[in-house]
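Order of appearance sets the numbers: ligands from 1, and atoms from 1 within every ligand.
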Amino acid sequence: MKKLISVIVPCYNEQEVLHMFYDEISRVAGEMSAYDFEFIFVNDGSRDNTLKICKELAEKDERVKYISFSRNFGKEAGIYAGFEKSKGDLVCMMDADLQDPPALLPEMVKAIEEEGYDSVATRRVTRKGEPPIRSFFARMFYKLMNKISKTEIVDGARDYRLMTRQFVNSLLDMGEYNRFSKGLFGWVGYNTKWLEYENVERAAGETKWSFWKLLLYSIEGIMAFSTVPLAISAVMGILFCIIAFAMILFIIGKTIMFGDPVAGWPSTACIILFVGGVQLFCVGILGQYLAKTYLEVKGRPIYICKETNIEE
Ligand code: UDP
Ligand code: MG
């Protein structure tokens with residue numbers, strides 16, 4: 001029996017690249033004749049012909065499977081759905097836009113099969129072709145994240161990975177709603193080998209991540225893997241109490257010695273505004289965690305599958 005490799009591809013409006021991607025992955029699969037393959041395309045509520053192309057491919061090639069969502073649930077949900085439906089002994093996830101070169105696959109498989117790793121991850125060492133401001137914020141995010149979270153998150157890590165079935169099952173055991181894969185991968189542990197490569201630009205189509213979407217995603221990451229913001233707000237509270245106490249002592253002393261001519265209301269107003277702002281900020285942090293807890297507690301499904309050609 002040959003071993004089966006599942007390749008999971010989240011697709012959101014990828015009609016321009018899907019054929020190119022399929023050709024490339026089939027070529028690579030053709031070179032790895034020691035393995036069977038299944039390609040799982042997860043159509044994440046695309047508004048273009050992505051689903052149609054998936055179906056056409058599935059008709060031509062029985063290795064092609066598709067899962068189509070009822071709406072756009074996000075890439076994380078797509079990956080989760082792929083993991084759930086995959087049957088492979090080895091499971092690989094990669095983007096549809098050929099930014100994750102399928103040609104690395106043989107090397108990745110070798111690392112697991114021969115070198116005994118549980119997963120092989122990739123990171124790009126350059127951010128060529130990316131707007132500089134985006135690179136700057138991305139770097140800041142990784143720095144901050146690794147300071148305040150115990151889970152290691154590697155700078156430049158891509159969501160291009162090959163994993164053993166055991167690794168995938170561990171990921172599936174984490175059924176949380178707010179999924180931040182880059183953190184989950186670190187959290188489950190195991191031995192991971194890192195391959196490095198130069199950044200490749202998108203083959204066609206355009207990126208689905210606006211700056212704003214990335215910012216929200218990074219906040220999600222911080223909150224999913226760190227409670228340090230909560231501690232910061234607590235520490236800030238204590239700090240301001242101490243300052244206030246010192247000021248009270250100072251004012252009492254001053255009044256006893258020099259009397260109390262009415263003055264200083266502008267500074268009082270400033271202090272009130274400042275402290276009020278800090279309080280709102282801290283309540284806001286609290287609210288964010290509460291909101292996440294609320295979503296988690298509702299226990300909604302991570303995705304809704306509208307149609308698929310995968311039999312249970
Ligand atoms: N993607 C998805 N759902 C989304 C956004 C993106 O499934 O809501 C997929 C997309 O089709 C692609 C991968 O996630 O295969 C990475 O997206 P993209 O290339 O736009 O991101 P970038 O490489 O620019 O970070
Ligand atoms: Mg991309």
Side-chain angles (χ1 to χ4, degrees), residues 6-25 39-54 57 64-86 91-102 104 121-139 141-142 153-161 177-182 185 197-218 220-221 302-306 308:
S6 305
V7 180
I8 297 168
V9 194
C11 308
Y12 178 51
N13 296 343
E14 299 286 8
Q15 61 180 9
E16 287 93 355
V17 288
L18 225 49
H19 282 294
M20 259 188 268
F21 176 81
Y22 173 76
D23 292 343
E24 176 66 9
I25 192 79
F39 311 129
I40 305 180
F41 292 96
V42 185
N43 171 36
D44 185 13
S46 302
R47 267 184 268 270
D48 62 1
N49 288 322
T50 302
L51 179 60
K52 198 169 141 242
I53 298 172
C54 291
L57 291 175
V64 174
K65 308 277 188 307
Y66 62 86
I67 305 167
S68 184
F69 289 175
S70 59
R71 64 168 169 85
N72 180 252
F73 278 88
K75 183 181 174 184
E76 297 288 350
I79 294 168
Y80 184 82
F83 283 160
E84 253 188 358
K85 307 275 184 188
S86 67
V91 178
C92 177
M93 51 191 264
M94 60 174 91
D95 289 358
D97 57 9
L98 294 174
Q99 273 188 307
D100 301 333
L104 280 180
T122 55
R123 64 184 286 255
R124 46 183 180 175
V125 280
T126 55
R127 286 178 171 272
K128 179 169 63 80
E130 200 183 55
I133 180 108
R134 193 163 149 177
S135 306
F136 172 75
F137 277 104
R139 290 233 164 75
F141 167 72
Y142 286 111
I153 293 169
V154 179
D155 185 3
R158 289 200 53 89
D159 289 343
Y160 179 21
R161 250 179 206 262
Y177 184 80
N178 298 295
R179 302 187 74 77
F180 184 71
S181 285
K182 286 191 168 70
F185 293 142
Y197 67 94
E198 299 267 318
N199 191 28
V200 188
E201 285 185 52
R202 205 170 223 290
E206 54 192 45
T207 175
K208 310 299 175 306
W209 293 87
S210 62
F211 184 76
W212 186 239
K213 242 177 147 180
L214 275 175
L215 186 72
L216 290 179
Y217 184 63
S218 61
E220 180 124 315
I302 294 170
Y303 66 91
I304 297 173
C305 172
K306 191 173 162 205
T308 171

Asp44 side chain vs Gly74 backbone, donor-acceptor pair below 3.5 Å: yes
In short, Gly82 meets Ile40 closest at the heavy-atom pair O-CD1, 4.1 Å
The single option from Phe69, Phe83, Phe73 that satisfies ring-ring contact (aromatic ring centres under 6.0 Å, His included) with Tyr303 is Phe69
Exercise. Can you find a side-chain donor-acceptor pair between Glu76 and Tyr217 that sits under 3.5 Å?
Worked result: yes
The atoms of ligand 1 lying under 4.0 Å from a heavy atom of Asp97, numbered in the order shown, are 19 (O), 23 (O)
Note: Cys11, heavy atoms under 4.0 Å from ligand 1, region reported as backbone
protein heavy-atom neighbour closest to atom 25 (O) of ligand 1 works out as Trp209 CD1, 3.7 Å
Within the 4.0 Å heavy-atom cut-off, what Asn72 brings close to ligand 1 is side chain
Nearest non-hydrogen protein atom to atom 24 (O) of ligand 1, with distance, is Thr207 OG1, 2.6 Å
Report yes if the side chains of Glu84 and Ile67 come closer than 4.5 Å at any heavy-atom pair, otherwise no.
-> no
heavy-atom search around atom 15 (O) of ligand 1 in the protein gives Pro10 O, 2.7 Å
- Task: Verify side chain to side chain donor-acceptor pair (under 3.5 Å) between Glu14 and Thr50, making sure each step is shown before the conclusion.
- Result: CA-CA 6 Å; Glu14 299 286 8; Thr50 302; over 6 Å; no
Counting distance only, does the side-chain N/O of Tyr160 pair as donor-acceptor with the main-chain N or O of Asp95 below 3.5 Å?
-> no
Atom 1 (N) of ligand 1 has as its nearest protein heavy atom Tyr12 CB, 3.8 Å
The reported gap from CG in Asn49 to CD in Glu16 (rounded to nearest 0.5 angstrom) is 10.0 Å
**Message:** Is there a polar contact between ligand 1 and Gly74, counting only N or O atoms under 3.5 Å apart?
**Reply:** no
Q. Do the side chains of Ser68 and Phe41 get nearer than 4.5 Å, heavy atoms only?
A. no
Does the Asp48 side chain pair with the main chain of Gln15, one donor and one acceptor, at a distance under 3.5 Å? yes
Residues Leu18 and Cys54: closest non-hydrogen pair is CD2-SG, 3.9 Å
So for Glu14 against ligand 1, with non-hydrogen atoms under 4.0 Å, the contacting part is side chain
Numbered in order shown, the ligand 1 atoms found under 4.0 Å of a heavy atom of Gln99 are 19 (O), 22 (P), 23 (O)
shortest atom 20 (O) of ligand 1-to-protein heavy-atom contact is with Lys208 N, 2.6 Å
Looking only at heavy atoms, the pair that brings Cys305 and Thr308 closest together is SG-CG2, 3.8 Å
Here the pair of heavy atoms bringing Asp100 nearest to Asp159 is OD2-O, 4.1 Å
Asp44 heavy atoms within 4.0 Å reach ligand 1 at atoms 2 (C), 3 (N), 4 (C), 7 (O), 8 (O)
re atom 14 (O) of ligand 1, the protein heavy-atom contact at minimum distance is Lys75 CD, 3.2 Å
Looking only at non-hydrogen atoms, the one of Leu18, Asp159, Asp100, Asp95 nearest atom 16 (C) of ligand 1 is Asp95
Ignoring waters, protein N/O/S atoms under 2.8 Å from the Mg ion (ligand 2) are Asp97 OD2, Gln99 OE1
If you scan protein heavy atoms around atom 18 (P) of ligand 1, the nearest is Arg202 NH2, 3.5 Å
